[in-house]
Amino acid sequence: MTEEYLTELKSFGVICGGSEEEGHYRVEFPRRGERVCGLNLEHPCVPHWLWMNDVMFTEFGVRIPFTPFQQRLHQRCFVAPSQFHPNVWSAIRCFELVTQFLELPQDPEVFLFLLTVFSPNADGKAKKGYMSVRPGKGRRIFGLYEESFHDFKGEYFKVFPVGDHPPFWLTLERDAGRFSSYWSKDAGVNYIPASYKKLNEEYRDTADVLLWLFSKRNLKPKAILGNPERARATIVKMAGKNKTLANLRRAMAANPQGLVILSLSGGQTSSSVPEGGSSSNVGGGTENRLEVSSPIRKEMPEQQVEVPPPPSPLGKRGSGEAASAQKRPRISEGSQRDFCSMDRSFDASAYIESNILGPRAREALWDYDPMESLRWVEWAMLRSATIMKSIEPRLTVANQWGNRCVRLTGELKLLSQQKADIEKAKEEAEKAKSQAEKDLEASLADAKEKVTELQRLRDREVGLLADLESAKKKSSEEKSRADKAEASLAATEQARQELAKLAEDSVKATEDALKEQILLLAPNFDVSLLGAWKEVVDGQIVDPPPEA
């Protein structure tokens with residue numbers, strides 16, 4: 001087992017089923033040297049984590065937190081979850097599902113009455129310490145999930161609570177565990193098996209109903225856990241479509257030997273023939289299964305209903321059959337019953353006197369030698385007995401073939417019905433195929449139109465891109481010309497500024513020269529108002545006359 005695999009289990013919702021509990025628990029890969037049977041040395045008093053096996057979740061559909069039934073069962077047995085053998089978990093899950101399908105009460109006492117928990121170390125044997133279950137005598141309803149599990153003992157991990165959320169294996173006060181969290185070598189030693197006498201009436205009825213339905217042949221765990229919905233339909237059909245304990249109890253009282261349900265082919269099938277069977281123990285060991293024909297109401301060995309075999313052609317039974325044969329009803333004189341069915345109560349002389357020998361026959365026989373007649377009678381009887389003895393095996397084979405023909409006829413009807421259903425499904429599939437082809441053709445035509453439109457849009461895009469490139473080129477040329485004009489304008493502006501400065505300097509030089517000339521002629525003359533655009537007329541500074 002790797003950390004990546006464990007992360008995938010958590011991410012796919014295999015641990016908590018994808019519920020809101022996902023945020024309340026986290027999983028962790030074991031440290032080096034840690035074992036599934038080891039104690040948490042950091043918190044030896046309070047179980048800080050719980051050990052779990054991989055197969056509990058991947059094979060049997062166990063989810064965290066455990067169901068109330070699972071918690072009560074662990075508390076009743078005082079066993080840690082990882083100490084249960086995988087076949088025990090398959091039995092637990094099958095019991096939960098079957099009782100859920102039939103709406104029966106779920107209680108550990110009923111489970112432990114049908115399946116007894118035992119420890120391999122209880123007899124002092126050095127075993128692995130996994131707890132197993134085995135059915136009580138005549139109480140088997142489940143077979144094994146697998147005869148032998150391999151490579152499950154190394155695939156385990158830790159489950160931690162997250163934050164302040166109390167884990168399901170502790171009470172709300174966090175001072176006591178709901179069930180054992182660690183392995184114990186003494187687990188199961190002080191275990192007290194469940195007794196039928198100590199069950200209350202409701203749980204007795206539940207056990208009776210389960211034995212009534214499934215004791216003839218065992219349910220196959222893989223068929224139940226592999227496809228629960230199909231198993232639900234099959235089990236409900238086996239129960240005669242009866243649900244709830246009250247309805248099943250009434251059906252059991254009316255049909256103590258089991259329900260007879262009409263199959264799809266029109267034949268009759270017994271409700272006591274579930275999805276497969278097995279003669280192995282649950283959890284290990286082998287034991288011949290004793291079939292229980294009716295629910296038990298007393299703690300005593302089961303009494304099996306024996307059906308006597310058909311009588312021999314001479315009306316006698318074998319030595320072994322005679323011991324268990326029941327007496328047949330007395331046949332009245334003059335009965336037309338066949339000689340092959342005679343029994344000890346049959347009055348042969350009265351039958352012959354009344355039905356074979358008349359008055360004329362008796363008179364005709366008076367002239368014959370009685371001893372000769374007796375020899376002929378003895379010879380005829382021996383010949384008849386020899387013939388019947390020789391054909392008895394053939395009659396048995398013929399009877400077997402007849403039963404097989406009846407069974408095959410029912411199977412043929414069922415196959416015919418299945419064939420009709422398949423033909424109908426095939427016809428519907430052909431219609432669906434034709435419709436799908438039409439839809440595909442319409443989709444292809446629509447796709448072609450879209451491709452054409454897309455090509456047109458692509459051509460237009462190419463034209464627009466060409467126009468865009470041309471516009472960009474023109475814009476670049478215009479920008480170049482604008483840059484040149486801007487440079488020319490800047491040069492002109494610079495020349496204008498230089499010319500203006502030169503003019504300003506020239507005007508100022510003219511003003512200064514004029515002021516100097518006036519001051520030479522008239523030192524006291526106020527030349528502050530004299531400028532380049534003024535002149536002196538009659539000793540006064542005035543503006544020059546405008547040009548004509």
Side-chain angles (χ1 to χ4, degrees), residues 1-17 25 27-40 47 49-67 70 73-74 77 79-97 111 115 117-122 125-135 142-160 169 179-185 187-188 219-226 228 278 280-286:
M1 192 171 183
T2 61
E3 293 187 11
E4 292 78 11
Y5 176 69
L6 184 59
T7 304
E8 289 181 359
L9 290 182
K10 186 69 164 60
S11 61
F12 291 159
V14 177
I15 306 300
C16 297
Y25 299 95
V27 295
E28 184 176 306
F29 197 70
R31 300 175 185 175
R32 184 176 183 84
E34 285 186 324
R35 299 185 177 223
V36 68
C37 58
L39 181 69
N40 180 4
W49 74 65
L50 204 63
W51 289 109
M52 296 290 183
N53 283 101
D54 170 48
V55 293
M56 294 167 51
F57 302 91
T58 58
E59 295 285 343
F60 310 127
V62 178
R63 296 293 179 262
I64 291 177
F66 287 173
T67 62
Q70 294 171 1
L73 180 64
H74 282 80
C77 300
V79 176
S82 57
Q83 197 171 2
F84 267 147
H85 189 275
N87 276 324
V88 181
W89 275 108
S90 72
I92 293 173
R93 291 290 296 134
C94 287
F95 181 82
E96 283 187 316
L97 291 176
F111 179 85
L115 299 163
V117 176
F118 73 98
S119 172
N121 290 329
K125 299 178 182 179
K127 298 240 180 138
K128 298 299 181 183
Y130 285 95
M131 301 297 295
S132 302
V133 294
R134 56 189 170 196
F142 300 122
L144 283 177
Y145 185 82
E146 284 187 9
E147 291 293 336
S148 179
F149 267 89
H150 297 285
D151 301 331
F152 79 94
K153 298 174 183 176
E155 298 178 354
Y156 53 89
F157 54 90
K158 303 176 183 177
V159 176
F160 287 84
W169 61 83
F179 50 85
S180 178
S181 304
Y182 304 127
W183 281 40
S184 172
K185 65 179 181 179
L219 291 173
K220 186 180 293 186
K222 279 195 174 181
I224 298 176
L225 301 176
S278 173
S280 301
N281 279 340
V282 179
T286 58

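Note that this is a predicted model, so its numbers are computed, not measured. Just so it is clear, the values below take in all heavy atoms, side chains as well, and ignore hydrogens, waters and symmetry mates. The first residue in the sequence is number 1, and the count goes up from there.
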Could you pull out the closest heavy-atom pair between [X] and [Y], with the gap in Å?
| X | Y | result |
| --- | --- | --- |
| Val14 | Arg63 | O-NH1, 2.9 Å |
| Pro81 | Ser180 | CD-O, 3.8 Å |
| Phe142 | Ala91 | CE1-O, 4.1 Å |

Heavy-atom check, side chain of [X] versus side chain of [Y], under 4.5 Å:
| X | Y | answer |
| --- | --- | --- |
| Tyr130 | Phe84 | no |
| Leu73 | Val79 | no |
| Met52 | Ser82 | no |
| Met131 | Cys77 | no |
| Leu225 | Cys94 | yes |
| Trp89 | Gln70 | yes |

Original post:
Using a distance-only test with no angle check, is there a side-chain donor-acceptor pair under 3.5 angstrom linking Tyr145 and Glu59?
Top reply: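 Result is yes, a qualifying pair exists.
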Subject >> For Glu28, all residues meeting side-chain hydrogen bond (donor to acceptor under 3.5 Å, both in side chains), sequence neighbours excluded >> reply: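 Arg26.
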Subject >> Mutual orientation of the aromatic rings belonging to Phe179 and His74 [parallel < 30°, tilted 30-60°, perpendicular > 60°] >> reply: tilted
Rounded to the nearest 0.5 Å, what separates atom [atom1] in [X] from atom [atom2] in [Y]?
| X | Y | atom1 | atom2 | answer |
| --- | --- | --- | --- | --- |
| Ile224 | Arg93 | CD1 | CZ | 10.5 Å |
| Leu9 | Glu4 | CG | CD | 12.0 Å |
| Gln83 | Ser181 | CD | OG | 11.5 Å |
| Phe60 | Ser90 | CZ | OG | 5.0 Å |
| Phe57 | Phe157 | CZ | CZ | 4.5 Å |
| Arg134 | Asn87 | CZ | CG | 14.5 Å |

Original post:
Ring centroid separation for Trp49 and Tyr25, is it under 6.0 angstrom?
Top reply: no
Original post:
Does the ring centre of Phe152 sit less than 6.0 Å away from the ring centre of His85?
Top reply: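 When the ring centroids of His85 and Phe152 are compared, they turn out to be within the sub-6.0 Å range.
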Listed pairs under 3.5 Å, donor-acceptor, residues 31-38 side chains, sequence neighbours left out:
residue: Arg31; atom: NH1; partner: Glu42; partner atom: OE2; Å: 3.2
residue: Arg31; atom: NH2; partner: Glu42; partner atom: OE2; Å: 3.4
residue: Glu34; atom: OE1; partner: Arg31; partner atom: N; Å: 2.8
residue: Glu34; atom: OE1; partner: Lys158; partner atom: NZ; Å: 2.8
residue: Glu34; atom: OE2; partner: Lys158; partner atom: NZ; Å: 3.0

Subject >> Candidates Val55, Asp54, Asn53 - the one meeting side chain to side chain contact (heavy atoms under 4.5 Å, CB included) with Tyr156 >> reply: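 So the option named by the test is Asn53.
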